[in-house]
> 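Have a look at this one before I ask anything.
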Amino acid sequence: MDNLLSGHTNGLNKLVTEAKLNGVTLQNRIIKAATFESMLDTANTISDRCIEFHESFASGGVGMTTLAYCAPEPDGRMMEHYMYIREEIHPQLKKLADTVHKHGTKLSGQIAHCGAFSRNKKLSRKRPIGPTTMFNPIGIPYGSFLTRGMNEQVMREVATSFARAAGILKNAGFDAVEIHFGHGYLLSQFISPLTNKRKDKYGGCIENRMRFPLQVLEYVRKEVGTDFPILGKITMYDDVKGGISLEDGLSTARLLDQAGIDGVILSAGTSSQNPMLLFHGQSILKDLLKYERNPLIRLGMKMLGKSMFKDYPYHELYLLDAARKFRDSVNCNLIYIGGATEPESMEKIMNMGFDFIQFGRPLLRDPAMPKHLIELGMKYSNGCDHCNRCAPLMNAPEGIHCVLPEWEHTEK
Ligand SMILES: Cc1cc2nc3c(=O)[nH]c(=O)nc-3n(C[C@H](O)[C@H](O)[C@H](O)COP(=O)(O)O)c2cc1C
């Protein structure tokens, strides 16, 4: 390996060299980001295709791959046909872990609860839950006009479900879990002052708004033990009026760090209100409409159109200005995400003191990116053009994939 890497610059060398994440050693600092696979089988579990999908990143040499959106309980699913983590699906989860491990790659599971951002018609609690009882526009087509503000009993139930899910993933052979604190899902609904209007100890200042998310982390930690890596994906800011400010994001990371999280993934935006901030590049609205079957949701999306799907032109490392502010606030691992497509960008991120990089679209474009990087160094070119046509495929029966022709090396 030394020979292969001898011509590489420091940052790239660091990226492709093994690294410790709490009690686990990754063969490099390249982590496949959670990208909702849309590869489920009829029994609400991951399909064999989903396992093959993750095997492509493992055989391509990533340090760790991430199974996306594992709901911790049935009501945590955005739609009723999605998967939730339960003992009965242990065989498929184990098969995934065994497959990925064959290639020396580690496996993480992203545990996410949609809370009020729900289109699930079969809710055991009847209404979508959130920090505050409030009008729920996304529920209108399903006759669910209001969310239900959670009491402490429900908070304990949900925190317990996160812990149970983490335990099931660990028992199946997963090497880490990633708790979703961002993107407008339940925990970020508590963090955002726009959706958290509580007057009790769970609302108001950021310490109060973080109380329930921290309870979830505490329950998960108790379940998985001190050596097991727990990552958290956060919204650094959401660029929505009255929503999560950069100051909130910095406090979120600081509080998670103090509570013993192993790494924070620095994302931005919300899937519910400002999805383009987390992607940048070409709008996903047109393709989302193509796959949307519900006429009322279609109408809503058309009406909200440009105000919801804002224009954020793509440029490399589009979240770096915000992400670089976090290094001084936290001691835990910092994981950069967002537009690290070309080796010059990866080099820069590593040299700036980030510990790992999560890649979404670049790995969809080229699942063997780590091997190609080792081979080609700075001559590597990924070629993802941020058309973002992979993203709406989250709603397509065929599952997500890059729509461009298969990756091949082109001279820069
Ligand atoms: C097809 C697709 C599906 C995604 N699904 C998820 C998801 O399930 N959970 C999540 O936290 N982020 C999801 N994301 C966002 C990515 O994890 C990542 O934050 C974003 O793509 C920016 O990183 P990139 O520039 O490396 O692609 C998804 C992105 C894409 C392209």
Side-chain angles (χ1 to χ4, degrees), residues 15 30-40 46 50 53-54 57 62 64-71 76-79 82-83 108-114 117 177-188 231-236 238 264-272 274-284 287-288 291 312-320 322-323 335-342 345-346 349 354 356-367 369 382-396 398-404:
L15 182 68
I30 298 172
I31 303 177
K32 164 70 181 56
T35 55
F36 184 72
E37 298 88 357
S38 186
M39 293 173 196
L40 299 165
I46 49 169
C50 185
F53 174 78
H54 284 283
F57 307 113
V62 302
M64 183 157 78
T65 184
T66 309
L67 179 63
Y69 206 93
C70 302
R77 298 174 295 181
M78 285 186 71
M79 306 237 204
Y82 285 4
M83 172 187 64
S108 175
Q110 180 182 62
I111 311 180
H113 193 302
C114 62
F117 186 40
V177 290
E178 172 182 317
I179 302 175
H180 211 325
F181 293 97
H183 292 181
Y185 298 115
L186 178 64
L187 303 181
S188 116
L231 303 178
K233 190 164 184 174
I234 70 162
T235 284
M236 294 187 287
D238 63 15
V264 176
I265 304 150
L266 300 167
S267 189
T270 70
S271 301
S272 47
N274 192 11
M276 288 313 299
L277 181 59
L278 65 109
F279 295 116
H280 280 55
Q282 202 169 299
S283 174
I284 57 175
D287 280 355
L288 277 180
Y291 295 109
Y312 291 102
Y314 180 83
H315 58 91
E316 283 283 288
L317 304 181
Y318 52 83
L319 295 181
L320 182 57
I335 297 128
Y336 182 81
I337 192 165
T341 307
E342 298 302 330
S345 304
M346 303 171 200
I349 292 298
F354 291 92
F356 296 89
I357 307 181
Q358 279 205 352
F359 298 89
R361 291 161 295 179
L363 279 166
L364 294 179
R365 173 84 195 98
D366 175 15
M369 183 182 84
N382 180 269
C384 169
D385 64 2
H386 310 98
C387 67
N388 289 332
R389 288 175 60 199
C390 52
L393 293 172
M394 285 187 271
N395 300 323
E398 71 265 31
I400 58 160
H401 54 89
C402 179
V403 301
L404 298 177

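The residues of the chain are indexed from 1 along the displayed sequence. Note that ligands are numbered from 1 as they come in the structure, with each ligand's atoms numbered from 1 the same way.
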> Would you say G360 and ligand 1 have an N/O pair spaced under 3.5 Å apart?
yes
> How does A112 reach ligand 1, by side chain, by backbone, by both or by neither, if only non-hydrogen atoms under 4.0 Å count?
neither
> To the nearest 0.5 Å, how far apart are CZ in F354 and CG in L266?
6.5 Å
> Would you kindly say whether Y314 and T341 are connected by a side-chain donor-acceptor distance under 3.5 Å?
yes
> How many angstroms lie between atom OH of Y69 and atom CG of L67, to the nearest 0.5 angstrom?
12.5 Å
> What part of N388, side chain from CB on, backbone N/CA/C/O, both or neither, has a heavy atom under 4.0 Å from ligand 1?
neither
> Using modelled atom types only, decide if a donor and an acceptor are shared between the side chain of Y82 and the backbone of G76 within a distance under 3.5 Å.
no
> Considering the heavy atoms of H180, write down every atom of ligand 1 situated less than 4.0 Å from one of them.
10 (C), 11 (O)
> If we ignore hydrogens and angles and just use 3.5 Å, is the side chain of Y318 paired with the main-chain N or O of G281 as donor and acceptor?
no
> Is there any N or O on E178 that sits under 3.5 Å from an N or O of ligand 1?
no
> Have a look at ligand 1 and work out which part of I337, if any, has a heavy atom under 4.0 Å from it: side chain, backbone, both or neither.
side chain
> For ligand 1, does F36 get within less than 4.0 Å through its side chain, its backbone, both, or neither, judged by non-hydrogen atoms?
both
> What do you reckon, does M394 have a nitrogen or oxygen under 3.5 Å from a nitrogen or oxygen of ligand 1?
no
> Short N/O distance, under 3.5 Å, between K233 and ligand 1?
yes
> Of the protein's non-hydrogen atoms, which lies at the shortest distance from atom 4 (C) of ligand 1, and what is that distance?
T35 CA, 3.3 Å
> Under 3.5 Å between any N/O of A34 and any N/O of ligand 1: does that happen in this structure?
yes
> Looking at G338, which atoms of ligand 1 are within less than 4.0 Å of one of its heavy atoms?
23 (O), 25 (O)
> Using the side chain to side chain contact (heavy atoms under 4.5 Å, CB included) rule, pick out the option among T35, L404, D287, L364 that qualifies with C390.
L364
> Would you kindly specify which portion of Y318 sits under 4.0 Å from ligand 1, judged on non-hydrogen atoms: side chain, backbone, both or neither?
side chain
> Return the orientation label for the H280 and H315 ring planes: parallel under 30°, perpendicular over 60°, tilted otherwise.
perpendicular
> With rounding to the nearest 0.5 angstrom, report the CE to CE distance, M394 to M78.
9.0 Å
> Which is it for C390 and ligand 1 at heavy atoms under 4.0 Å: side chain, backbone, both or neither?
both
